[in-house]
Number of protein chains: 2
Amino acid sequence: MIEASSNLDIKSKLRRVGLRPTRQRMALAELLFETEDRHVTAEALYEEAERVSFRISLATIYNTLNQFTEAGLLREVAVEGSKAYFDTNTSNHHHFFCESDNSLMDIPDDTLEVIGIPEAPAGMSVTRVDVIVRLVDLPQEACARISKD
Amino acid sequence: MIEASSNLDIKSKLRRVGLRPTRQRMALAELLFETEDRHVTAEALYEEAERVSFRISLATIYNTLNQFTEAGLLREVAVEGSKAYFDTNTSNHHHFFCESDNSLMDIPDDTLEVIGIPEAPAGMSVTRVDVIVRLVDLPQEACARISKD
DNA sequence: TTACATGCAAACTGTTTGCAAATAT
DNA sequence: ATATTTGCAAACAGTTTGCATGTAA
């Protein structure tokens, strides 16, 4: 049982998108939305739940992340690599991806701009423009030292 | 045995990057580099080899694609999704990704520009900036009709 | 009390690896 | 002759799914 503070907010947040506020969805929502702008993988969220002694199966984590994404509470970030990343910031924005430790960071919305986006080829339309600025940590400096999540 | 035309070119191309020109590497190089700007997945290349009756194992395709990438003959494109995409155009450029049929297309180098790339966080440096313009085909229109590869 | 959600294990996809047999130099 | 490469099958990671059990309304 994680916190109790904002249970009602979370409950209605789930209800609003048509998801039953079950114990596990509540707990995951609390972990995800209590702080701003998180970037999680299924595995990472699973470990986080473990850390606060919340019992949940990995399958349910996957299902829940997908449901939250469909419901618009999360957005999936397209970094290649085998893992799926979920971002609690669903607005239009771009990302740093640190290749040294596979961490994602938001790029503040107003710094970066893409100009001259070509028209979509005939019969298609643009759904989104994703920019990933790939980073490596310089020798001697630990990428891990920078705030992640 | 695919073609015979430019065997010498391909052979020296492989030698130049320190790879022995084996039968299977030659065949794959021929498939990949005969035409410009290809985007392949391992599976797709495997099927292509089958189509021209070249016997090769999928494991070798994977190994070869990775070797070619390390050698700088290919570059991996970071479209999320489970599959790895390899691009024969190793220069700096961006991509359309058609979500309807999972195909990649190059965006001509000079159309698109990213401005205001923020500085890398302390201790890190930018290795690359990737832009993916995601597309869907409009109803009624087949994305597949557009030239792929 | 009925429809929906969960947990488990098994299935599945894309990819990598260990090792014996085949090939390049 | 020697080192490298190949192919196979097995291993592997991440993710999804089928189904019996548990839970929310």
Side-chain angles (χ1 to χ4, degrees), chain A residues 1 7-8 10-29 31 39-50 53-71 73-74 76-86 102 104, chain B residues 1 7-8 10-29 31 39-50 53-71 73-74 76-86 102 104:
Chain A
M1 245 63 343
N7 269 355
L8 291 181
I10 295 176
K11 198 170 281 197
S12 61
K13 183 170 195 152
L14 292 178
R15 282 246 168 70
R16 228 175 296 132
V17 298
L19 292 172
R20 280 191 188 175
T22 64
R23 223 157 42 79
Q24 13 292 76
R25 295 210 268 237
M26 293 283 290
L28 296 183
L31 287 174
H39 302 93
V40 300
T41 60
E43 196 66 46
L45 190 56
Y46 182 60
E47 281 161 17
E48 220 175 298
E50 254 177 2
S53 308
F54 184 81
R55 286 288 310 141
I56 188 170
S57 80
L58 190 53
T60 299
I61 301 249
Y62 275 107
N63 292 334
T64 304
L65 286 173
N66 288 331
Q67 289 156 175
F68 283 10
T69 302
E70 272 162 43
L73 301 178
L74 293 175
E76 206 169 339
V77 181
V79 201
E80 78 160 349
S82 32
K83 281 178 195 142
Y85 287 78
F86 296 86
N102 291 351
L104 271 177
Chain B
M1 243 63 336
N7 271 355
L8 290 181
I10 294 176
K11 197 171 280 196
S12 61
K13 182 171 198 153
L14 292 178
R15 280 245 169 71
R16 230 175 294 134
V17 297
L19 292 172
R20 282 191 187 176
T22 64
R23 222 156 44 79
Q24 15 290 77
R25 294 212 267 237
M26 293 284 289
L28 295 183
L31 287 174
H39 302 92
V40 299
T41 61
E43 197 65 47
L45 190 55
Y46 183 60
E47 281 162 16
E48 220 175 299
E50 254 178 1
S53 308
F54 184 80
R55 285 287 311 141
I56 188 170
S57 80
L58 190 52
T60 299
I61 301 249
Y62 275 107
N63 292 334
T64 304
L65 286 172
N66 288 331
Q67 289 156 176
F68 282 10
T69 302
E70 273 162 41
L73 300 178
L74 293 176
E76 205 168 339
V77 181
V79 200
E80 81 162 343
S82 34
K83 282 179 194 139
Y85 287 78
F86 296 87
N102 290 350
L104 271 177

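Note on naming: letters A, B, ... go to the chains in the order of the sequence lines (proteins, then strands), and numbering restarts at 1 for each one.
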Any residue meeting side chain to side chain contact (heavy atoms under 4.5 Å, CB included) with A:Y62, in chain and number order, not counting sequence neighbours: A:A42, A:L58
Quick one: CZ on A:R25 to CG on A:L19, what's the gap to the nearest 0.5 Å? 4.5 Å
Quick one: do B:E48 and B:F54 satisfy side chain to side chain contact (heavy atoms under 4.5 Å, CB included)? Show the steps, please. CA-CA 9 Å; B:E48 220 175 299; B:F54 184 80; over 6 Å; no
Could you check how far NZ of A:K11 sits from P of C:dA5, rounded to whole Å? 15 Å
Below 3.5 Å, can you tabulate the donor-acceptor pairs from side chains in residues 10-18 of chain B to any protein atom, sequence neighbours excluded?
{"residue": "B:S12", "atom": "OG", "partner": "B:L8", "partner atom": "O", "Å": "3.2"}
{"residue": "B:S12", "atom": "OG", "partner": "B:D9", "partner atom": "O", "Å": "3.0"}
{"residue": "B:S12", "atom": "OG", "partner": "B:R16", "partner atom": "NH2", "Å": "3.3"}

Rounded to the Å, how far apart are B:L19 CG and D:dT4 P? 13 Å
Listed by chain and number, what are the side chain to side chain contact (heavy atoms under 4.5 Å, CB included) partners of A:N66, not counting sequence neighbours? A:F86
Testing the basics here: between A:R55 and A:Y46, what is the closest heavy-atom pair and its distance to 0.1 Å? NH1-OH, 4.4 Å
Nearest 0.5 angstrom please: A:T64 OG1 to A:I56 CD1, how far? 5.5 Å
So what is the 5' to 3' dot-bracket string for DNA chain D, if pairs are Watson-Crick or G-U wobble with both distances under 3.5 Å, crossing pairs use [ ] and | means the partner sits on another strand? |||||||||||||||||||||||||
Using a 4.0 Å heavy-atom cut-off, write out nucleotides 7-23 of chain C from 5' to 3' as B (base contacted by protein), S (sugar-phosphate only) or - (no contact). BB-----SBBB------
In whole angstrom, give the distance that lies between atom CG of B:L14 and atom C1' of C:dA24. 13 Å
If I take atom CE in residue A:M26 and atom P in nucleotide D:dT23, what distance separates them, rounded to the nearest angstrom? 16 Å
Apply side chain to side chain contact (heavy atoms under 4.5 Å, CB included) to A:S57 and list each qualifying residue two or more places apart in sequence or on a separate chain. A:A59, A:T60
